[in-house]
Amino acid sequence: MAKTQLGVRVDPEVKRLAQARAKDRGLDLGDYIARLVREDADGMRQRGLDAARRFLDEHQHLFDEAEDVDRDAPGTHAA
């Protein structure tokens with residue numbers, strides 16, 4: 001995969017920590033940062049799915065009631 005260069009400014013301590021963590025994982029700094037971003041993005045997706053599931057668990061009865069009303073309304077069935 002082609003890579004692009006990214007320039008960022010961080011505190012010296014953040015740079016040192018990032019370099020040390022990358023080394024601990026056997027990664028260069030760019031690959032380590034890319035992994036962090038992907039893990040964060042995947043985590044956001046999962047949190048969104050979890051929130052949607054909680055919403056439906058809590059409010060599904062409202063959707064069911066609305067479908068029941070639509071189903072019972074006159075003229076909603078095809079001849």
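Since the structure is predicted, the reported quantities are computational estimates derived from the model, not experimental observations.
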Practice prompt. Report yes if some heavy atom in the side chain of Arg35 is under 4.5 Å from a heavy atom in the side chain of Glu39; otherwise report no.
Written response: yes
message = Lys23 vs Gln19, test: side chain to side chain contact (heavy atoms under 4.5 Å, CB included). Steps then yes/no.
response = CA-CA 6 Å; Lys23 184 178 178 184; Gln19 288 172 323; over 6 Å; no
Of all heavy-atom pairs linking Tyr32 and Ala22, the shortest is CB-CB, 3.6 Å
Here the gap from Arg54 atom CZ to Asp57 atom CG, rounded to the nearest 0.5 Å, amounts to 9.5 Å
Could you go through the salt bridge (Lys or Arg N to Asp or Glu O under 4.0 Å) check for Asp24 and Arg21 one step at a time? CA-CA 5 Å; Asp24 290 346; Arg21 298 302 291 159; 3.4 Å; yes
- Task: Would you kindly confirm whether Leu36 and Leu27 end up in one hydrophobic cluster when ILVMFWY residues are joined by side chain heavy atoms under 4.5 Å apart?
- Result: yes
CG of Leu29 to NZ of Lys15, rounded to nearest 0.5 Å, is 8.5 Å
Checklist entry - Is there a donor-acceptor contact under 3.5 Å linking the side chains of Asp42 and Gln46? => result no
Quick check: does any side chain N or O of Asp11 sit under 3.5 Å from a backbone N or O of Val14, one acting as donor and the other as acceptor?
no
What one should report as the nearest heavy-atom pair of Asp31 and Asp28 is N-OD1, 2.7 Å
Output for pair (Asp40 CG, Arg47 CZ), nearest 0.5 Å, gives 6.0 Å
Rounded to the nearest 0.5 angstrom, the CZ-CG distance for Arg45 and Asp50 is 10.5 Å
Taken to the nearest 0.5 Å, the spacing of Glu58 CD from Arg53 CZ works out to 13.0 Å
